[in-house]
Amino acid sequence: MSDKPSPKVGLFVTCLVDLFRPTVGFAAIKLMEDAGCIVDVPRAQTCCGQPAYNSGDRADTRAIAENTIAAFEDFDYVVAPSGSCASMLKNHYPSLFAGDAGWQARAEAFSARVFELVSFLTDVLGVKKVDATYEGTITYHDSCSGLRELGIKAQPRLLLQTVGGTRIVEMGESDACCGFGGTFSVKYPEISNEIVGRKTENIGDTAADTLLAGDLGCLMNMAGKLKRQGATTQVRHVAEVLAGMTDTPPIGGSD
Amino acid sequence: MAVEITSPQFKQNTRDALKDAPLQRALGKVREGFIHKRQVAIDALPEFDALRDSARDIKNHTLAHLDLYLEAYEEKVTEAGGHVHWAETAADARGIILDICRRVDARTVTKGKSMITEEIGLNDFLEQCGVTPVETDLGEYIIQLRGEHPSHIIAPAIHVNKDQVESDFRRVHDHLPANRDLSEPETLLDEARRVLRSKYFEADVGITGANFLVAETGTSIIVTNEGNGDLTQTLPRIHIVVASLEKIVPTLDDVSQILRVLARSATGQEMSVYTTLSTGPRRDKDPDGPDEYHVVLLDNGRSAMLGTQFQDMLRCIRCGACMNHCPVYHTVGGHAYGWVYPGPMGAVLTPSLIGIDKAGHLPNASTFCGRCEEVCPMRIPLPKMMRHWREREFERGINPATQRVGLGLWAFLARRPALYAFAMSIAIPALSLFGGAKRRYRYLPLAGGWTRYRDLPAPESRTFMQQWKQREALKQEARP
Ligand code: SF4
């Protein structure tokens with residue numbers, strides 16, 4: 001570690017991790033602490049606001065954004081274990097305040113400090129390897145927002161290569177959407193189901209025993225479909241494997 | 001008269017599409033063919049992204065001065081001996097075209113591929129008025145025989161397989177000997193050409209669309225792969241170009257820039273096989289060409305998009321890349337969208353042209369995966385504009401009540417972190433218990449949309465916030 005002061009990081013847990021998969025939050029904290037950060041979790045956070053934002057409800061989105069920005073003002077960095085939520089905070093929050101100079105400046109200052117977890121580790125902290133082992137063959141799905149709005153593709157693979165005991169096999173169309181799309185998955189379930197069906201076919205073709213990704217929404221969707229199809233694939237958030245925290249049962253169970 | 005709108009029944013349309021086995025097979029080809037070919041073409045052109053920027057800038061500049069360029073264009077067309085007709089609505093455009101056909105007593109018109117004539121429902125209208133339209137693009141010809149509409153803006157018959165085409169040809173071309181080989185795309189094309197050849201000479205009027213209208217010269221440009229457009233516009237006495245007003249570009253130089261991204265994005269070709277420029281009618285020394293040259297310039301709601309959140313959509317050059325890369329289009333095909341324009345570009349454009357009250361499903365039926373914007377050669381922010389449509393719907397309260405109530409309840413909590421944490425600290429552990437040893441649910445009340453097709457993973461245990469609070473409290477106690 002350099003002798004620079006330890007960066008103060010506020011963890012934006014994300015609502016799905018908070019409610020469904022706390023292990024991901026603790027894995028994120030471990031990874032950042034191992035890299036020399038001081039991590040805290042502001043209580044006054046709920047969700048990034050995407051359900052409202054993508055449903056056209058700007059007023060509620062803005063209210064949620066104001067809460068979030070205020071809660072994280074004291075940190076050097078704001079980090080989320082999700083490309084989708086991180087991009088919401090980073091790329092979309094400022095547009096909510098167009099025409100309100102004061103808030104827009106605050107939102108922009110906030111956005112500049114926001115990062116997705118894995119790219120934060122590699123691109124900001126310069127982490128090149130992790131201290132973890134995981135016995136298994138892994139395939140990695142590139143979640144859309146992380147991939148297209150934040151350019152996350154090489155970073156998770158770079159770190160996964162340093163996990164002991166792991167082999168990575170790429171699936172076909174790893175950059176195609178899994179069909180989750182937030183409320184899309186329940187508004188248009190038939191279409192969503194077809195899309196995730198193509199995804200699980202690609203996953204099955206790799207014969208990998210573990211599926212990883214960086215977004216819990218996509219992971220719950222793919223895990224739900226795999227389990228319904230009777231697949232035994234273990235589904236986990238990439239942070240769990242990178243942090244060596246794989247004692248909890250996989251997402252959706254293991255059988 | 002205009003094309004029937006089934007966009008309000010989008011959900012039913014998609015269910016029908018999912019059950020349509022030939023369609024599903026055809027969509028598999030979209031997924032593999034178009035995506036791969038585009039990628040190969042783009043990998044071979046390092047300056048592709050820079051070209052996209054300049055293509056975008058050219059169109060932005062044009063849209064900012066649209067009135068000036070349209071006037072300049074009209075002046076040049078007139079100078080070259082042609083006529084420009086301004087059509088505010090689809091009905092105006094149909095009327096203008098019919099008047100021209102009637103004046104020359106036209107019985108048949110040949111047509112090159114044109115989405116604008118689809119938009120104004122021209123074929124049905126002409127037929128009802130006693131003028132027979134004959135489509136000359138192979139794909140358009142096939143769907144005309146089948147009484148269908150295009151399901152893709154550059155590959156109108158992509159949903160039809162070659163066995164279906166063969167049986168359509170045998171049904172309609174009743175002179176065909178039974179042993180005539182129609183088993184390959186080439187033999188089908190030969191047969192279509194054979195039938196169409198005489199039509200070109202019989203036609204009194206040829207109607208084409210336009211990919212570009214050039215202000216500097218008054219030229220209209222079409223790009224095609226079959227050469228049918230050339231015959232359509234040069235053999236009949238009268239050539240009518242039907243184009244929407246955003247097709248305008250300032251100069252030929254600008255066109256050549258945009259052409260470099262168009263075919264690559266569309267079919268992966270460097271250039272389409274034919275790029276045909278027409279300026280005015282036949283001149284004295286020209287060996288061929290029409291006696292009259294008309295341009296019908298259609299607005300049909302486009303000028304109302306200028307200066308709004310939807311102006312960027314007017315940059316669209318109809319390459320089809322957005323639908324070729326769209327997971328929803330891949331799943332349901334073009335007809336499900338219920339009007340002329342499918343896929344992401346349709347999800348933005350259709351509400352502008354027929355109203356969000358009718359087209360509400362379209363901008364909602366997107367996962368926002370962003371791949372359309374990633375591939376759009378004109379850098380049109382399609383997901384952002386779909387979201388703007390959702391905002392308009394929300395403001396007008398026309399999205400379904402169940403969604404509004406659910407969202408309202410959730411937002412009420414999400415705006416109040418302490419209350420939210422409290423509510424979740426009760427709900428989540430209970431839900432987690434209910435997940436049992438399997439750690440998932442096959443069915444959950446109120447989550448039917450999800451659990452009909454997928455299991456729902458159960459929450460791990462207590463919320464992160466509960467566990468974090470406890471961990472912090474323990475740390476505090478441990479301190480001396
Ligand atoms: S929106 Fe873009 S990608 Fe889609 S057809 Fe238009 S130019 Fe092509």
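Just so it is clear: chains get the letters A, B, ... in the order the sequence lines come, proteins before strands, and each one is counted from 1.
In this structure, chain B has a heavy atom under 4.5 Å from the side chain of A:I29, while its backbone stays farther away. Only the side chain of A:R58 comes within contact range of chain B, with heavy atoms under 4.5 Å apart. Using a 4.5 Å cut-off between heavy atoms, A:F20 touches chain B through backbone and side chain atoms alike. Proximity to chain B (any heavy atom under 4.5 Å) is shown, for A:Q229, by neither the backbone nor the side chain. Only the side chain of A:V13 comes within less than 4.5 Å of a heavy atom of chain B; its backbone N, CA, C and O stay farther away. Using a 4.5 Å cut-off between heavy atoms, A:S95 makes no contact with chain B at all. For B:V328, the parts lying near chain A are the backbone and the side chain together; criterion is any non-hydrogen pair under 4.5 Å. In this structure, the portion of B:F10 lying under 4.5 Å from any heavy atom of chain A is its side chain and not its backbone.
For B:R439 and B:E460, the salt-bridge test fails: no basic side-chain N is under 4.0 Å from an acidic carboxylate O.
Note: B:F464 and A:F26 meet the aromatic proximity criterion, with ring centroids under 6.0 Å apart.
The residue from A:D57, A:N67, A:D100 that alone fulfils the side chain to side chain donor-acceptor pair (under 3.5 Å) condition with A:R62 is A:D100.
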(request) For side-chain hydrogen bond (donor to acceptor under 3.5 Å, both in side chains), just list the numbers for B:K11 and B:H361, CA-CA rounded to whole Å, side-chain angles, deciding distance to a tenth of an Å, and then say yes or no. (result) CA-CA 8 Å; B:K11 282 203 162 187; B:H361 275 298; over 6 Å; no
(request) Evaluate side chain to side chain contact (heavy atoms under 4.5 Å, CB included) for B:L18 paired with B:T331, printing each intermediate quantity in order. (result) CA-CA 7 Å; B:L18 290 175; B:T331 307; 3.7 Å; yes
